[in-house]
Trainee: 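Quick one: the structure is below, and I'll ask about it shortly.
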Protein chains: 4
Amino acid sequence: MNRIDNLQPSLSAILLLACPDRRGLVSRLAHFIFEHGGNILDLDEHVDAGSGMFFIRVSWSMDGFSIPASDLEEVFRPLGREFQARWSIHTAETRERVALFVSKYDHCLQEILWRHRTGEFQIDIPLIISNHPDLGPLARHYGIAFHVYPITSENKLDQEQRELELLRAHRIDTVVLARYMQVLSDRFVDAMPERVINIHHSFLPAFSGGNPYRQAFERGVKIIGATSHYVTAELDEGPIIEQDIVRISHKDTLPDLVRKGRDLERLVLARALSRHVEHRVLVNGRKTIVFE
Amino acid sequence: MNRIDNLQPSLSAILLLACPDRRGLVSRLAHFIFEHGGNILDLDEHVDAGSGMFFIRVSWSMDGFSIPASDLEEVFRPLGREFQARWSIHTAETRERVALFVSKYDHCLQEILWRHRTGEFQIDIPLIISNHPDLGPLARHYGIAFHVYPITSENKLDQEQRELELLRAHRIDTVVLARYMQVLSDRFVDAMPERVINIHHSFLPAFSGGNPYRQAFERGVKIIGATSHYVTAELDEGPIIEQDIVRISHKDTLPDLVRKGRDLERLVLARALSRHVEHRVLVNGRKTIVFE
Amino acid sequence: MNRIDNLQPSLSAILLLACPDRRGLVSRLAHFIFEHGGNILDLDEHVDAGSGMFFIRVSWSMDGFSIPASDLEEVFRPLGREFQARWSIHTAETRERVALFVSKYDHCLQEILWRHRTGEFQIDIPLIISNHPDLGPLARHYGIAFHVYPITSENKLDQEQRELELLRAHRIDTVVLARYMQVLSDRFVDAMPERVINIHHSFLPAFSGGNPYRQAFERGVKIIGATSHYVTAELDEGPIIEQDIVRISHKDTLPDLVRKGRDLERLVLARALSRHVEHRVLVNGRKTIVFE
Amino acid sequence: MNRIDNLQPSLSAILLLACPDRRGLVSRLAHFIFEHGGNILDLDEHVDAGSGMFFIRVSWSMDGFSIPASDLEEVFRPLGREFQARWSIHTAETRERVALFVSKYDHCLQEILWRHRTGEFQIDIPLIISNHPDLGPLARHYGIAFHVYPITSENKLDQEQRELELLRAHRIDTVVLARYMQVLSDRFVDAMPERVINIHHSFLPAFSGGNPYRQAFERGVKIIGATSHYVTAELDEGPIIEQDIVRISHKDTLPDLVRKGRDLERLVLARALSRHVEHRVLVNGRKTIVFE
C-alpha cells in the first residue's frame, strides 16, 4: 500500500471486518475486490488465537471499481452475513464526523485543531462541546461552533440528553474527550459504543481515577505515561488504543510532571484519533487490534 | 495470525514474494493457498509507489494442506513465473543455517548464542568463523565448532576462499558479522547476496567507516545508535534492516559510549537476525521491507 | 534543588561559569554564595577531561542575600577574573529577550508561542521576523509584533543589517530560527555568537544540508531525527543542544516522514530553547554541556 | 567529573549524604575536601522541597589527599553528626560485595555475570544462592560459588536464617534478586534494609503481584515494562530505582510478551545494580534520588 488512500480518500474504499476464523476468508474477500475491478492498496489481517476471531482491514482503489460507493454496503452485505461478521465500509461518502468535548485545558484541543487544519485528519469537526466557556475563543479562532453545557450533579443527565440530541442532529460519528473533566453517564456511553475516545493522563492501568500525576509523583515512578482508550461503562477500563511514556527523575516536581505529561497527552490522543478515523482500529473484547 | 508459525514451524509454510504490482495478486495467492486446503495464519503486503513493486509475506497452516512441503516449490513455480516474481518458500524442511563471524568482542556472539539456546531463533548454527582464537572458549561452551582464519592483507582472498568453501560444505544460508573486524572482499559479498548481515556501531549514515564512537564523541551528539544491514560492495551502504538509539550526555566519556553502544549493538543485531530468519525481510533496491 | 528558581525567578540567581579546572573551585564558589547569605538551590558541575576545563551552573535563593541583584556582576567580577573564567549571572533583572525567525511553516512557531503563553518559558518575545508575510496572522493572534524582510541574493546583507539593528533596538539576547528557510551570513552569525538556535530536520550529522527527509527516505533508514544546535559559520556544524528521534517503517511515504518529523522538530526546538533560557547550556568547543 | 572515579576507583572517594537542608552545606562539604587537598571530580545535589531534605553525592581524587582512606570515616564523623546526616563514604577499600539470588530463569543472572566479567561493575560477587540447582552450571562457568537452599512453606524461615548467616560470613553488602521466585520474609528484609534489589517484570505500580505478563496481555496494554526497586516489607512497593518499557501490539502473544520483557528485565536490573554499586542512589521515603 502506498497510503494514497489517506491522501486521496475519494479514490479508495476501506473494509474493516471481524468474524469467526475459517479457511478461505482472505481468498474470498480478495476475490470480491478483484472480481469488481479493484486493486488492493493495503491489507492487514490478524487471527486472535484465544478467541478464534479473524480481523481484517483492506483498502482498494475505487478507480475502475464496478460497484459505485453508494451501493457498496448493499452489495457486500450477503458476504458479511455469510461470515457472521461485524463490518463497516468507508469511502469518501462516509467521511468521519467528530465532536470534541473539552473543559478548561487547551493543549489537547489546540493540538487536534492545529493538526486538523494541516489536513492530517480526513474528518469534519462540526462542533465543540464544553462545560465551561473558557475555550470558546480558541474554537472561534479555528472557526468551529462552540456549545457550553454547564454540568452539575443535578442537571447532568438532562444536559447529556441535550448533548446527545445535538450530536445526532449533526450526525456525529465519534466523540473525543480532549481532557473533558466530567465522567459520562452509562446512558451516554451506551449511546455511543466504541465511539467515545478518551485521553487519560497516566500509563493505565497504573494510576487510574483522579490526580494521576500526584499519584505518580508520590509513588516515585521513573516514567510517566498517557493512555487513549475507548470509553466504556467502567471508568478507565475501556479498550486501549494508544499509550506512550516519558522519563522523569527525582528533579521533577509535580508541576514538571504535569508539564511533561501534557506533551504526552496531546500526542497520544492525536495518534489514537488518527488511527480511529483512518479505520485502523477494531475492538476485541477489552482489547484493540490497531492496524498500523 | 497467532505466531504459531514461529513456535511450531513444522506446521506452517511461509511465502516471501516480490513482483511488479497488478490487480488480483492477493486474490490469486490467497486462492492458491485456499484451494489446496491451507488456512492463512498471517499476511502482510506492501506496494511501493515509487517502483510500482508489490511485496508480500504470507504464512499458512500445513495441517491438511494438500501439497507436501517437498513439492511446494515446484507446484508454486508457474505462478511465480507468471508474476515475474522473485520468491522463496520456507517450511520446516528449509530451516535456516547460519554461520557467525567474529573477532575479539564477545558481546554480540554471546547475545546470539544465548538467545539461540532459549529457542528464540528457529535456526541451526553449525559453525563460527574468526580471525582470532580469543572467542573459542565461548563457542565451545555453547558446543559450536570454531574455525580460525587469521587474515592479513596478503592472504585475505585465499582465506576468504577457504571460508566460502566451508560455508558451502555446511550449506550455510546466512552469515552474521557479529562485530567481525574485517572488511569482506567484493568477491565474498557477491557470493552471498542479501545473505550477509552486519552490525555497524553507529546510526548510519552518520559516522560510517572506522571509529564511529570516537567520531560521535568528538561531534558532541546527544544520541548514539547502531545499525544492522545487509552487506553490499559499498561499505556501510547496504539496505538497513534495523536501527536503534540510546541517549548520551556530556557526562559520558568515550568508554561510556562504547559501553552503552555495546548494549545497542547486541539488541539491534539480534532483532535484525530474528527478522531475517523468520523471513520477514525483502530487499527493495537500497531499502528493505520488514514485515513485523 | 526544587525548581523554585524556575517558577519564581525573582527569588533566585543563576551563575554559569567555565574556566580551567583546579583544586578548590566548588569550595570557593559555594563559599561566595554562603558568605553573602545565599542558600544553594541547585548545583551541577562537570570537568571535561580532554580539555581540562571546569563547568558549573549554580542557582541560589536571593531571599536574604546581602548583594542586590543589580550589583551582583560587579561583586563577582574579581573572582571570575581570578579563575580566568567565561561567566554570566542571571536574575529576574536579566530576563531573556528572544526573537523568532520564521518563513512559511507554522508548527515550530505555534509550539513556541503556545508554550510561552502557558508560562513555560521565563522570557520576553518582543518580535517575530520573517522573509514571508504568511505567518503574520498567527503572530497577531498571540499579540506579537511581526516584521517582514523579504530576502533575495541581492538584498540579503542589507536586510540582515536591518534585522540586526532591529534586534539591537529591542535588546534581543537570543534568536530562534523556527524553521527559517534562509542561511544566515557569517556576519550575522558573528554578531550573535552562541545566541542563534536552529532546528535542523535530521539526526545530525546524518543528512545535513537540504531536503533531509528526502535523503532519509531514499537511504531507507528506520529512524528519523531532529537536531537543535547553535548556529556557527559552518552550516549544520554548530554545537548540538538537543536531539530526538522517531521510528519509521517501509510503510511511511515521504509525506509521512515530513509529518512525523514535524512533531519531532517542534518538541526538540522547544526543549533546546527551554534549556537555553534556563541558562543550562555551556558551549565547550564543538560540543555543549547541558545541565538537566 | 570525568568518571575516572569509575575506571580507577582506587584513586577516588565518594561521599553520599542526606540531611535536613540549611544554608552552607555545599560550602562546608566542598571546603572539607579542599582543605585536605582533594579535587572534586563530580558533585550532584538535590533539595527535596516537600521534606526539606538535602541530598548530595560528591566524589574527589584521593591523589594528594591528606587523609588516608582508612581514616576517612572517622575524620568525617563530626561533620556528619553536626549535619544530623545519614551518610556513607566509599573508597577502593570498601568495594561492594554482592550476592545474587536466582531460581530457574537464567537471563538476569547471565546478564549480570557477563557485565561483571567485562569490568562494568566495580564489585565482588562471592556467591550465588538459589532455591533450585538448575543454574549451577552457569555459575560454575563464571567460577562463582553456587549454594542451593530449597524453600518450602515449612522450612522457609530456617533456610533464610542459613542464607543470612552465609551472607554475613561473606560480608555481603547487597543482595540482588535476579528473578528469584520467592517472597522474602519480613525478617530477611529487615536484616538488609535498602540492600536488597529486586526486578519486577511489570511497569509498577501496574500489574504488581503474580503473572504480570498475563495481566498485561489480558488488559491489552500497548506497552510493557520492568521495574527495579529496593525490597521492603510491602510486596512490590519499595522505592523504585529504574524502569523501562517496550512497545507491544495485538500481534504479540503471551510468549512474545515474556520474550520481549526478558530483554527489559535484564537491562533494567543491570542499570539499577550499576547505579547502586556506584553509590548513586539515596532513598527518600518511598522514593529514590538517583544521581546519573
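These values consider heavy atoms only, across backbone and side chains, with no hydrogens, waters or symmetry-generated copies. Below, chain A is the first sequence line, B the second, and so on; all start at residue 1. Only a predicted model underlies this, so the values are computations on that prediction, with no experimental measurement involved.
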Trainee: Does C:Thr91 reach the main-chain N or O of C:Ala69 with its side chain, forming a donor-acceptor pair under 3.5 Å?
Mentor: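 Here the side-chain-to-backbone pair does not exist.
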
Trainee: With a strict 4.5 Å heavy-atom criterion, list every residue of residues 221-230 of chain C that contacts chain D, or say none.
Mentor: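 Counting heavy atoms that sit under 4.5 Å from chain D, no residue of residues 221-230 of chain C is involved.
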
Trainee: What pairs with D:His200 under ring-ring contact (aromatic ring centres under 6.0 Å, His included), at least two apart in sequence or on another chain?
Mentor: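 For D:His200 there are no ring-ring contact (aromatic ring centres under 6.0 Å, His included) partners, ignoring immediate neighbours.
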
Trainee: Applying a criterion of heavy atom separation less than 4.5 Å, what residues of residues 28-37 of chain C form contacts with chain D?
Mentor: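 Against chain D, the residues of residues 28-37 of chain C that fall inside the cut-off (heavy atoms, under 4.5 Å) are C:Ala30, C:His31, C:Phe34, C:Gly37.
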
Trainee: Grab the two heavy atoms, one from D:Ile123 and one from D:His116, that are nearest each other, plus how far apart they are.
Mentor: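 Nearest pair, atom of D:Ile123 first, then D:His116: O-CE1, 3.0 Å.
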
Trainee: Heavy atoms only: give me the nearest C:Ser12-C:Leu41 pair and the separation to one decimal.
Mentor: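 For C:Ser12 and C:Leu41, the tightest heavy-atom pair comes out as CB-CD1, 3.8 Å.
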
Trainee: Rounded to the nearest 0.5 Å, what's the gap from NE2 on D:His201 to CG on D:Leu257? Could you check?
Mentor: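 CG of D:Leu257 is found 11.0 Å from NE2 of D:His201.
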
Trainee: Would you mind telling me which of C:Gly50, C:Ser27, C:Gly24 has the largest number of heavy-atom pairs within less than 4.5 Å of chain D?
Mentor: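 Going by pairs under 4.5 Å, I would pick C:Ser27.
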
Trainee: How would you list, by chain and number, every residue that makes a side chain to side chain donor-acceptor pair (under 3.5 Å) with C:Arg77, sequence neighbours excluded?
Mentor: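 C:Arg77: no side chain to side chain donor-acceptor pair (under 3.5 Å) contacts found.
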
Trainee: Looking only at side-chain N and O atoms, does C:Thr174 offer a donor or acceptor that is under 3.5 Å from a partner on C:His276?
Mentor: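 C:His276 vs C:Thr174: donor-acceptor pair found between side chains.
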
Trainee: Is C:Arg271 paired with C:Asp244 through a side-chain N to carboxylate O contact shorter than 4.0 Å?
Mentor: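 A salt bridge is present here (some side-chain N lies under 4.0 Å from a carboxylate O).
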
Trainee: Nearest 0.5 Å, what's the NE2-CG distance between C:His90 and C:Leu72?
Mentor: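 With rounding to 0.5 Å, NE2 (C:His90) is 11.0 Å from CG (C:Leu72).
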
Trainee: Go through the steps for D:Glu82 and D:Arg22 under the test salt bridge (charged side-chain N to carboxylate O under 4.0 Å, His left out), then give the verdict.
Mentor: CA-CA 12 Å; D:Glu82 182 190 333; D:Arg22 65 183 207 197; 3.0 Å; yes

